[in-house]
Structures are given as C-alpha cells and as structure tokens.
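Within every chain, numbering begins at 1; the chains are lettered A, B, ... in the order of the sequence lines, protein sequences first and strands thereafter.
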There are 2 protein chains.
Amino acid sequence: MSDVRKQPTLHDVARLAGFSTSTTARALGNYGRIAETTREKVRAAADELGYRANPLARSMITGKTKTIGVVCADLSSPFFAEALRGISDVAKGRGYDILIVNTDEDVASERDAVALLRDRHVDGVIVSPADVRQVGHLAALQTPERALVLLDRSSAALDADSVTVDDVSAMTDAVGRLLDAGHRHIGIVTELRIEREADWQSLLGDLDHSERRELNPSSRRLLGYLRAHREHDIPIDPALVARTGATSVDSARSATTRLLDQRAQTGMTAVVTVDNTTSVGAYGAIRDHGLRVPDDLSFIAFDNLDWTTLVQPAVSVIEQPVYALGSRAAEVLLDRLDGTRDTPGEEILLDTRFIERESIRAVQQV
Amino acid sequence: MSDVRKQPTLHDVARLAGFSTSTTARALGNYGRIAETTREKVRAAADELGYRANPLARSMITGKTKTIGVVCADLSSPFFAEALRGISDVAKGRGYDILIVNTDEDVASERDAVALLRDRHVDGVIVSPADVRQVGHLAALQTPERALVLLDRSSAALDADSVTVDDVSAMTDAVGRLLDAGHRHIGIVTELRIEREADWQSLLGDLDHSERRELNPSSRRLLGYLRAHREHDIPIDPALVARTGATSVDSARSATTRLLDQRAQTGMTAVVTVDNTTSVGAYGAIRDHGLRVPDDLSFIAFDNLDWTTLVQPAVSVIEQPVYALGSRAAEVLLDRLDGTRDTPGEEILLDTRFIERESIRAVQQV
DNA sequence: CTGTTAGCGCATTCAG
DNA sequence: CTGAATGCGCTAACAG
C-alpha cells in the first residue's frame, strides 16, 4: 500500500496553510520576519502533509549542499575506516552528509574524484593526498566557498589546513629507544612507491632540510629513522631499508623476507615499520621465518591495532589517534564553512604515544 | 590565480556553439537525434569553456541522482570497511557515487538515516538493518524507482534483495567439527542486544522453525550452534552461552571472562564466536586468563582477519567473503536500477569456508 | 534534426 | 509582516 502521490512540495503546504509559498518558506526555514501565529499554522500544515524540503532544489539556489566529500586511498584499511568514523560522527552532529570516493592511492584517480566532488558542489573536502607534491587539482578546489582539509598528510604546496601526527619525531623517538637498547642494525620496512630513487638519495643526503610537508607519511617516518641514527652517531646501512612496491600486506611481507634473508650479512637485530600494512606484513614474515620476537629480533609496529596485544609477547607500538585525526579534520573543515575559522591554513599536529610492551630486547654491545 | 568566473553553464556553451540550449544538451547528453557535425561543434565549445554539467540541476528534472546510500552500523569495523570497499568499487565502475551514514546499530538512528537518504533522492540504498524485524522504514523506502538491498542480513518482513552468507550452516558445520573432535562443553560468545529474553527461549524451544530471516546474524549463528548440538544429540547448557551487552570488544571480553571463570562448573573445553568483534574480545580474554590455545581450550573465530594467522598457533576460522558481499550487493542494486533485474526480491547466499588451522585439539571421551 | 516553451522545488529580490 | 515575480541549470515535451 505504498502511497503513489508524489512528495508534497512547498506549494502544497502553502495552499493548505493559506499563505504564499514565500511566506511558507520563511516560516519553515526560520529566516526573514514572520508572525508567530503564521509560523504555527504553516508548521501544522507541513506536519499534516508530512512535508520534507527538497535539498536538491535548495542547493540549486543557495549553492550549498550540506555535504562534504571525503577522498581516501583505501576505504578498507583500518586506518581510514577509523578516521572516516571520526569524520562521520562530527559531520552527522553538525548536519552534514558524506560523499566518499576511493582512489587506490592513484593521483589520476584522485583528480577524477576531485572533479566529481566539485561537480556535485560539495561544501568541503577532506583528502589524504596520494602525493603531497602533486596537488594542483586540490589547490584548484579551494575557493572562499569551498574548504579543503588534508588528513594524515600535509603539503608545502598548499595553503590548507592539515591534521596529522608528528611522525618524524615519533619515529625518531622509537628508533632512538632501539638504539639506546644497544641495537646497531635496525631494519625498516617502508613504502616508497611514489617517490623516485632520487628522493631517497636526497633524503639520505640532507636530513636537516628535508621538509615534512614535502614527504608522504612513510617517507617522513623513514626520515625519523634516519635522524635517530644520526643523533646517535650510528651509520646507516641502506641494505636495512626495505621498500615495498605497493601498499599491501603481501608486498610488505616479501620486502621483510628479503631483509630477513640477509641477516647474516647485515647483522640485523630489530625491525620497525611505518604503518599498519607494513606492520602486519613484517610481523607475518618474521613468524614465517621461524624467528621469535623479541628473543631473535626486536620489533616495533606502527598503529595500535588489536592484534598487537593478541600476539604473545605483545608488540610495542607507536600509537596515533586515528579517530581523532578524522574527527578533528571534520571539525576544522566545518569551522571554515561556518566562518568560525578565518585564519590561514594551519598545520595541526596530534600527539602520538609510544606504548611499551614486550617486543624489544636489549642487545649486548660488542 | 583562481578564476573568479562562475562555472560555465549549458547556456554559455550554446551561445558559443551557436545552437539552442536544447540542441546543446542533446549533443552533450547523447540522447535524442542529433547531427554529427553539430555534436562536434558543441563538444568543441564545451571543451573550450571547460564546461561541466551540473548534476544538481539534472537531478531536479530526472529525479535521478546517480547516488546510492549506504547505511551501516559501524564504519570503523573491519567487516563494514571491507564491504564498503566492495560497494564503492562497483559503484564507481558504474558511475554512481556513495553517500554513507553511520547508525551505531540503532533503529531510531537508522530511521533518520533513511529519511535523510530519501530526502536526498538517492537512487538506491544498501543497508544492514539494525533489527531485521523493525523494518517498516525500509519498506517505505522501496518504490519502483528506488531499490533496496540488504547486506549481511535478510528480513522476512521485506520483499527486497539480500546478500548474505548461510551462517546458520556455517556455524552448524564449525561446531559440528568441535563435537566430532570430542568436545562436549562448548562455549559461544554472541550478541543478543536487540532480541528479547523471550526470543532466546523460543530459539531454544524451536530449532526447526526458527527462520533465518527473522534473526540477526549473531542469533542465526547461535542457532547454528544449537542445531549442531541437536544433530549430535548433545544437550545444551545455557551457562555456556555468553551474551554480550553491546557490540564492542570489551563487552565480548568480559562476557568471555565470565565463561572462563565458570570452567570448573561447566567443564568448557572450547569456545566459538560469531563475528570479528566477539572473536577479538574472546581471544583476548583467553590470553588474559593465561590459557593456551589449543592446549587448554580449543577456539574457532568468525571472519578470517589478519590477526588469526599472526598469533601462534594460528586460529581456525569461519571465513566469509566480505568484499564480495559488498560488491555483490552493489551489483544487484545497480541491476535493479538499470532495469536489468526485474525478478522479485531474491535472497543471495555467498559461500563461507572453514579454514582449518591449529586452534582445535581433540578431546578424550570419558 | 533543431528551436521554443515550460517547469523541477525552492530561496530570494522587491513591492505592498 | 506578507505576496508576486524571478531564476538556479537543466531536461522534456512539443512544434517546426
């Protein structure tokens, strides 16, 4: 018995209430001057008809859609899922809906995504750029009307708010702990898919001037690793840096396996990773190799996921506030849209925390 | 130097090309009859201006938005994140965008979500209903124009397509394996938040007539557990059924702890769980209790997540094709919208798979 | 094959 | 404080 009548329109309400459409619109929209009695009559009529405003029509005029676009590399990753939840909770609380687009960490796909969101007139966009140096399409998105907030990544090429963690310091600290514990040959499993070979060289050559905001997270974390070594006056062995070809557990797993196979030559006694994907892959490879953590190898994971306390001994981790990253990004974005926020683009850093568990063993100095 | 000019409209293109707006629209929209030369000229003009159609205006007329709404209980759960990825990939491939709403597994919130999606004129909705018996708001959503597909849950009260796994059988099979291995006191950690106490009683009392489509997944899985016992002529001990109060790891953890504390009385030698949340919580509780799997307790998890192979010994699991659940739901939905699919609502069952690992130990019969 | 006319549902001038 | 008129950008009849 579904009702075949079309949805009632403002016009219908107006007729029933005995007012013009414009008065009706004012009564319902709480704008302009309106008599209290009128408002009540109109509301009664609207309720009676079950009237609901058509957001499409409204958007045509106002130019606003009460929608924010979220573009992410991989919806199914624990990191993004959690961050998205943060975004969603805040957006919902403030009356905004969310349009999501998945890009597979591909710049071309990201360009399409951005075009799509612009076409659909989203009021703002939260994005975790595939490459922080190819952001022309993101810059083009910014207008006085349309806000842009970067999530998990910041870009020197963009005057936009960003919400990230200080992962360079976080990693410098974590690797420093390993160094303090006597480790001299620490492996790292990272992603350098986008960056060119030259970048890796220049990263090595210029630890001081490397700018956070010109590097993707995994490179920033590698920079932290490198700096920790320099602070401790320990030379870097390039053979200990495993770069994965893709953002996948399998890719991380095989990169780690290579690291493990060369243990006889490198003398590696510890491994660190740069995100949840590399953490899972690396830990799996260590297991497959029949090595025990921390007896045979010390290990630090990035991101405090469930499994790190389920395995035994539990894994020490660098924790980042993933939900808060998302919720904060949404808050900043909506503040811009409200006009509550009018400062230049700001780089917001959330705190990481090192959680010590049982995956690190001190090593005897020779 | 962002361009301050507004986006060019169809009108602008028409003027530049020297045609009327309707001809221009036809040329660009590939509909109606149009001369090839005209089309080319119009296209050239459109390119020159960088014209992009305004989907809002289009939607006002066509009533279509090329958008599908996805309403889920918890975006941050691994299950939903993965399924959402499946939905997203298919939708993107077929030119649809996704509006997501999170409901926290709350029926009232789901009602709002549905209203919101209707207001926004989404072409279709994929939903994992909070309660498969309170679905009036979902029924109201269905029109010849607007399709509805249920994900992970089916409902007897709704004539809609659903994409699920046959979890009753999956669980009957898994528990059957435990029973075959000699276990006689098997604990189960499940969620019965929504169902009333009476339901639990009636489930127990009427194993045959309990209809899959009147139960939420966790209850369906419990039903599988009960049926396995009956098939093996093993009595059921209600003390072995731990019900969590909420969908959270902590809740599952403490429910499991209660089960563990009563081991002396119940003689429990194995535990099964009903989804990834209960799996993580239960496994954590077992660990905390200082029990070894499978030496002290056998264990079967639901969902083949990374951690089940990271822990040692690896955990045997009931695997369900999560990504496919999402992608399939999207396909079915879009087929409906295309008119490719015109049959009555269908219940699509995807296969689960039992993955045998090392978390089950045979038990000596007395 | 192309142009004219109308209007989707609403917000927003401007008069009254 | 209220109403009439206008138009957001586009598609859909209908003529021609």
May I have the distance from [X] (atom [atom1]) to [N] (atom [atom2]), rounded to whole angstrom?
X	N	atom1	atom2	value
A/Arg33	C/dA11	CZ	P	19 Å
A/His121	D/dC10	NE2	P	9 Å
B/Gln7	D/dG9	CD	C1'	12 Å
A/Arg120	D/dG9	CZ	P	17 Å
A/Asp119	D/dG9	CG	P	14 Å
A/Glu36	D/dC1	CD	P	10 Å
B/Ile34	C/dT2	CD1	P	5 Å
A/His11	C/dC10	NE2	P	11 Å

B/S/- contact track for nucleotides 11-16 of chain D, protein heavy atom under 4.0 Å: BBB---
With A/Leu99, the side-chain contact (heavy atoms from CB on, under 4.5 Å) member among A/Val125, A/Thr65, A/Val70, A/Val122: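 Filter result, single survivor: A/Val122.
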Qualifying residue, where the test is side-chain contact (heavy atoms from CB on, under 4.5 Å) with A/Val127 and the options are A/Thr103, A/Val101, A/Leu138, A/Asp152: A/Leu138
Evaluation steps, side chain to side chain contact (heavy atoms under 4.5 Å, CB included), between A/Arg341 and A/Asp161: CA-CA 11 Å; A/Arg341 192 183 183 83; A/Asp161 297 305; 3.8 Å; yes
Side chain of B/Phe19 - closest among C/dT2, D/dC10, C/dC10: C/dT2
Option among B/Glu105, B/Glu110, B/Glu214 that satisfies the salt bridge (Lys or Arg N to Asp or Glu O under 4.0 Å) test with B/Arg153: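 Exactly one option meets the salt bridge (Lys or Arg N to Asp or Glu O under 4.0 Å) with B/Arg153, and it is B/Glu105.
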A/Arg328 CZ: over 12 foreign heavy atoms closer than 6.0 Å: no
End axis versus end axis in the helix from C/dC1-D/dG16 to C/dG16-D/dC1, the angle rounded to 10°, five pairs used at each terminus: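 Answer rounded to 10°: the end axes differ by 40°.
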Residues A/Thr24 and A/Thr21: side-chain donor-acceptor under 3.5 angstrom: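 Note: A/Thr24 and A/Thr21 side chains miss the donor-acceptor criterion.
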Show which side-chain atoms of residues 41-51 of chain A pair as donor or acceptor with protein atoms under 3.5 Å away, not counting sequence neighbours.
unit_1, atom_1, unit_2, atom_2, d
A/Arg43, NH2, A/Asn30, OD1, 3.3

Sugar-phosphate, base or nothing in reach of A/Ser59, heavy atoms under 4.0 Å: nothing
D/dG3 OP1/OP2 closer than 4.0 Å to side-chain N/O of A/Ser20: yes
Approximate separation, where rounding is to 0.5 Å, of A/Lys64 NZ and A/Arg146 CZ: 9.0 Å
A/Thr164 and A/Leu325, any side-chain heavy atoms less than 4.5 Å apart: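 When only atoms from C-beta onward are counted, A/Thr164 and A/Leu325 do not touch, as no gap falls below 4.5 Å.
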